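A quick write-up on the structure given underneath.
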Amino acid sequence: MRNTKRCTGKTKLIVPLVNLTAQYLNIKGEIDKAIKRVLNKGRFVLGEELSLFEEEFAGYCKAKYAVGVGSGTEALHLALVACGIKEGDKVITVPNTAVPTVCAINSAGAQPIFVDIDKDTYTIDPDKLESFLKKRRRLAKIKAIIPVHLYGHPADMGSISRIAHKYGLRVVEDSAQAQGAEYKGKKVGTFGDAGCFSFYPTKNLGAYGDAGIVITNNKKIADKLKMLRNYGEKKKYYNSIRGFNSRLDELQAAILRVKLQRLDHWNQIRRSHAEVYNDLLKNTPVVVPIEKKGTKHVFHLYVIKAKKADKLGKWLKKKGILAGKHYPIPIYGQKAYKYLGYKGKDFPITGNCIKHILSLPIFPELKREQIGHICCTINNFYKHC
Ligand SMILES: *Cc1c(COP(=O)(O)O)cnc(C)c1O
């Protein structure tokens, strides 16, 4: 019945892509208390809040270790370094990802290599990965794979782990968009040598600033990460390796501890929002996102494939609905990465997806009426355009 009310286009209902203020207001009491606690203690880096958050996040993911760092990009960068990736190495990832995946590879001194994606999950296509590795003669330089659990849908970790093992490659999971997502009942980030998360404010679990974390079951990697994030020190003023400064500060850790307790609940709401969308878009030409059997999608983004997607995006915007496009330009099309020498025709699936994708608003505080309004507006678009 929800879809029966007409969206005549006369009432303009503003729907943002995300609404972080609404979320804060719902948990204000606890957040304010956590912030005060840190200010009163007067310890701002590498303190108790971080240790507790690391313990709690590792526990949540069922990983042995977690090491908090300054951002998701740094989580990836330091994880690569901790896995032994160095100057001149090559790292495989996908061309349709947030650019930080590639920034991190460059920061480690390595060069990114792209493999095309699966058209339904938008994650690395294991068949293409394997045939690429089979053909390559200069495998020696290829040291690692970064699968990206894009939009919150897990990559095919079973196949990827098998292939990585076969070719002796490290796996560093880019789980920035997938806190809480699962593959065969296990949390993403626990399949590879390291799992990297971003707590950028808009992520499913977001800080109030920059923050990130790496999880691992490998003690050596965890120990090395703890040195890398803190100038390369194991003991104060003793620098056994060359390091960086990339720490998850106490204020963010305290905030994230409050929000971690709600992550499952928020993810559940995202999933039910996705179901409402799927249902209401059933009779439109729009292709809704899938959830592969054996996976748990956490809908960081709700990405549809649509005819005239860009025109639809503009139409929605005119009606007050802010849809997005993740991402409008593939990495190989970016000026900064022209040096890699890739052509659009090297990645036909990515190229085709980019033409049709559109991210509709999804966040826990979104109202069902708003979803109804959005779907109705989409319906009107296809009737009129
Ligand atoms: C957000 C994001 C990152 C980077 O995280 P930051 O915390 O902004 O550095 C990396 N990869 C993907 C896929 C992301 O979405």
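On a predicted model such as this, the values are computed, not experimentally measured, just so you know. Both counts, for ligands and for their atoms, begin at 1 and track the order of listing.
- Distances from ligand 1 to the non-hydrogen atoms of Asp174 include at least one value under 4.0 Å.
- Taking every heavy atom of Ala98 and a limit of under 4.0 angstrom, the matching atoms of ligand 1 come to 12 (C), 13 (C), 14 (C), 15 (O).
- The atoms of ligand 1 that sit less than 4.0 Å from any heavy atom of Pro100 are 3 (C), 4 (C), 10 (C).
- Between Phe132 and Ile142 the shortest side-chain heavy-atom distance falls below 4.5 Å.
- Contacts with ligand 1 closer than 4.0 Å are made by side-chain heavy atoms of Lys203 only, the backbone lying farther away.
- Between Phe53 and Phe199, the distance from one ring center to the other falls under 6.0 angstrom.
- Every heavy atom of His149 sits 4.0 Å or more from the atoms of ligand 1.
- His149 and Glu173 share a side-chain donor-acceptor pair at under 3.5 Å.
- Each of the following atoms of ligand 1 lies closer than 4.0 Å to a heavy atom of Val148: 13 (C).
- Heavy-atom contacts of Ala176 reach the following atoms of ligand 1: 2 (C), 3 (C), 10 (C), 11 (N), 12 (C), 14 (C), 15 (O) (cutoff under 4.0 Å).
- Considering backbone and side-chain N/O atoms, Gly72 comes within less than 3.5 Å of an N/O atom of ligand 1.
- Between Tyr342 and Tyr337, the distance from one ring center to the other does not fall under 6.0 angstrom.
- Ligand 1 has no N or O atom lying under 3.5 Å from any N or O atom of Tyr200, backbone or side chain.
- Listed by number with element, the atoms of ligand 1 under 4.0 Å from a non-hydrogen atom of Thr73 are 4 (C), 5 (O), 6 (P), 9 (O).
- Nearest protein heavy-atom contact of atom 15 (O) of ligand 1 is Gln177 NE2, 2.8 Å.
- Using a cut-off of 4.0 Å between Lys/Arg side-chain N and Asp/Glu carboxylate O, Lys86 and Asp89 are scored as salt-bridged.
- Here Glu49 pairs with Arg257 in a salt bridge; the nearest charged N to carboxylate O distance falls below 4.0 Å.
- A salt bridge is absent between Asp310 and Lys314: the closest approach of a Lys/Arg side-chain nitrogen to an acidic carboxylate oxygen does not fall below 4.0 angstrom.
- For the pair Asp223 and Lys220, the salt-bridge criterion is not met [side-chain N within less than 4.0 Å of a carboxylate O].
- Counting atoms of ligand 1 from 1 in the listed order, those under 4.0 Å from a heavy atom of Thr101 are 11 (N).
- Residues His297 and Phe299 place their aromatic rings such that the two centres sit under 6.0 Å apart.
- By the criterion of a heavy-atom distance under 4.0 Å, neither the backbone nor the side chain of Asp210 is placed next to ligand 1.
- Of the listed options Ser198, Ser71, Gly209, Ser198 places a heavy atom closest to atom 5 (O) of ligand 1.
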